[in-house]
Amino acid sequence: MRKKALWMTGLVICSLILAFFSYIPPASAFTAQQKLVLQSWRLVNQSYLDETFNHQNWWAMRQNILKRPLNNPEEAYTAIEEMLASLGEPFTRLLRPEQYHNLQISTSGELSGVGLQININPETHHLEVVAPLAGSPAETAGIKSRDRILKIDDHDTDSLTLEQAATLMRGKKGTTVSLVIQPSQQDTARTVKIMRDIIALSPVHAELNQDNPQFPVGYIRLSQFSANATKEVAHAVTELQKKGAKSYILDLRNNPGGLLQAGIEIARLWLDEGNIVYTVNRQGTSDTFTASHTALTADPLVVLVNQGTASASEILAGALQDNGRGFIMGEKTFGKGLIQSLFELPEGAGLAVTVAKYETPNHQDIHKKGILPDQVISQDPLTYYQIGTTADLQYQAALQYLRGDSILAKAS
């Protein structure tokens, strides 16, 4: 009996020790920092695309984080970033207050920086360039799509998150930042010093090509799917029609994407009927977005794409290709087929969560695969000032294709 009593006493003591170390306070006792972590965990738990959470126990992750002392917002942010990093997917990420503010600006106004759209390659986990913004200091410095960024000033990019890297490259107009760039498929790297400037985020450039007055071609270059992109594309089409455009080139090269809804609405400017995109969540539930009989023109259309064409740009290109509305020319696109939702957190922070994947109207999943053009045309890198000139082989091929189609159509 005495041995049994001692054994029971030891069991009780062990249970108390375990209970002490595994104790999670009731909801009413959570600190502001713990509530921030809990809110972030809950948003991912409710909506993240991968219901296995990268094949880990997501509840256990919550419990482990909450056991830590979180004494200030910085410690809470670090804990959230560690929690999200365990998902192994760079597009689901914490946006600290400055980062969230900058993201809001980039889709609606202007910002001060070097003008690079960047991404962490999901296969190599290295920071790389999706595309330089047209006319930006980065484009002027010769930085190209798929270039790897090794360092930003003295910071090794392998230790940075996507938003940390973006923040380091932003800054006051007139200040400089040093980037160590390794061009795609090259072993040598170079250091580039770039002066930051105000980056105009007007997403549309339009002009009428009248090299052949009999067959004027409207040219529209769309650099980003921002909040005002649909309105500006519609205005460009209307103005080009007034000037006599008989066919169009829609240039999506080096367009890294942006707002999903903008991609859908711009597709509706070209497509009168048909499906535009399917979105599929983690339950396998599919939503369909369709054309709404609001197309502005039925004139012939060529869409130019390249390796920097990503995300919402691929949604638009895929919709036009699968519906036979546009002839796709250029190079295979980037291959980002995931959709993020933005959630606002307390004190100005935000959370980007991958909530769905998309499929083209023919149910193509292009993530990590890209869209293959109807006609592949290789193109050496161009400067901003060479786009749409005789040096632009893809643009020249589009003109030739459209004018050939126009001649055939008239003859028939």
Side-chain angles (χ1 to χ4, degrees), residues 131 133-135 139 200 202-225 228-255 265-274 291 293-306 308-309 313 316-317 319-321 323-331 373-412:
L133 295 180
E139 196 274 342
S202 177
V204 172
H205 167 79
E207 61 184 40
L208 186 69
N209 183 296
Q210 298 188 84
D211 292 345
N212 185 335
Q214 190 176 359
F215 303 108
V217 177
Y219 172 71
I220 300 171
R221 183 167 66 246
L222 179 61
S223 61
Q224 186 181 22
F225 289 81
N228 59 340
T230 305
K231 181 179 178 180
E232 293 204 23
V233 171
H235 176 74
V237 173
T238 301
E239 291 302 306
L240 289 169
Q241 283 178 325
K242 291 178 181 178
K243 294 177 181 179
K246 302 299 181 185
S247 58
Y248 295 88
I249 297 171
L250 178 61
D251 192 347
L252 299 179
R253 292 176 296 179
N254 294 330
N255 183 324
E265 293 300 328
I266 291 173
R268 287 172 173 156
L269 299 179
W270 301 98
L271 274 173
D272 213 42
E273 59 183 8
H293 301 284
T294 54
L296 297 179
T297 176
D299 289 334
L301 172 67
V302 168
V303 183
L304 296 180
V305 298
N306 66 3
T309 302
S313 291
L316 177 55
L320 297 173
Q321 184 181 53
N323 282 283
R325 175 62 185 91
F327 189 80
I328 313 299
M329 279 186 169
E331 299 160 304
D374 298 307
Q375 184 177 348
V376 175
I377 301 173
S378 297
Q379 173 74 67
D380 291 333
L382 299 172
T383 68
Y384 174 72
Y385 302 101
Q386 289 177 310
I387 298 172
T389 68
T390 54
D392 189 342
L393 301 181
Q394 294 165 342
Y395 174 78
Q396 294 299 325
L399 288 175
Q400 184 178 2
Y401 175 87
L402 288 169
R403 286 170 178 159
D405 272 6
S406 297
I407 292 169
L408 291 173
K410 186 173 182 180
S412 61

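We count residues from 1, following the sequence as given.
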Point to revise | Non-hydrogen atoms of Pro216 and Gly244 that approach each other most closely | key: CG-O, 3.0 Å

Check your understanding: Ignoring hydrogens and geometry, is there a side-chain-to-backbone donor-acceptor pair from Asn306 to Gly330 under 3.5 Å?
Key -> no

Revision key, fill the gap. One should read off an interatomic distance between Leu399 CG and Asp211 CG, to the nearest 0.5 angstrom, of 7.0 Å

Practice item. Output the distance between atom CD (Glu331) and atom CG (Leu304), rounded to the nearest 0.5 Å. Key: 10.5 Å

Practice item. Mind running side chain to side chain contact (heavy atoms under 4.5 Å, CB included) on Gln241 and Tyr248 for me, showing each step along the way? Key: CA-CA 10 Å; Gln241 283 178 325; Tyr248 295 88; 2.9 Å; yes

Exercise for review: For residues Ser313 and Val305, determine if any side-chain heavy atom of one lies less than 4.5 Å from a side-chain heavy atom of the other.
Suggested key: no

Point to revise | Nearest heavy-atom neighbours spanning Ala317 and Ile328 | key: O-CD1, 3.8 Å

Check your understanding: When rounded to the nearest 0.5 angstrom, what distance separates CD in Gln386 from CG in Leu393?
Key -> 10.0 Å

Practice item. For Asn255 and Leu222, indicate whether the former's side chain and the latter's backbone hold a donor-acceptor pair under 3.5 Å. Key: yes

Point to revise | Plane angle bin for His205 and Tyr219 - parallel if under 30°, tilted between 30 and 60°, otherwise perpendicular | key: perpendicular

Exercise for review: Report the C-alpha separation of Leu316 and Leu250 in whole Å, then their side-chain angles, then the decisive distance to 0.1 Å, and conclude whether the side chain to side chain contact (heavy atoms under 4.5 Å, CB included) test is met.
Suggested key: CA-CA 10 Å; Leu316 177 55; Leu250 178 61; 3.8 Å; yes

Review point. What is the distance from atom NZ of Lys243 to atom CD of Glu207, rounded to the nearest 0.5 Å?
Key: 9.0 Å

Review point. Above 12 or not: heavy atoms from other molecules or residues under 6.0 Å from CD of Glu239?
Key: yes

**Study point:** Main-chain N/O of Phe327 paired with Gln321 side-chain donor or acceptor, under 3.5 Å
**Key:** no

**Study point:** Taking every non-hydrogen atom, the tightest pair across Arg325 and Trp270
**Key:** NE-O, 2.9 Å

Check your understanding: Pick one: which of Ile266, Val303, Ile220 meets side-chain contact (heavy atoms from CB on, under 4.5 Å) with Leu252?
Key -> Val303

**Study point:** Non-hydrogen atoms of Ala234 and Leu296 that approach each other most closely
**Key:** CA-CD1, 3.8 Å

Point to revise | With Asp392 via side chain to side chain contact (heavy atoms under 4.5 Å, CB included) - residues at least two apart | key: Arg253, Gln379, Leu382, Ile387, Gln394, Tyr395

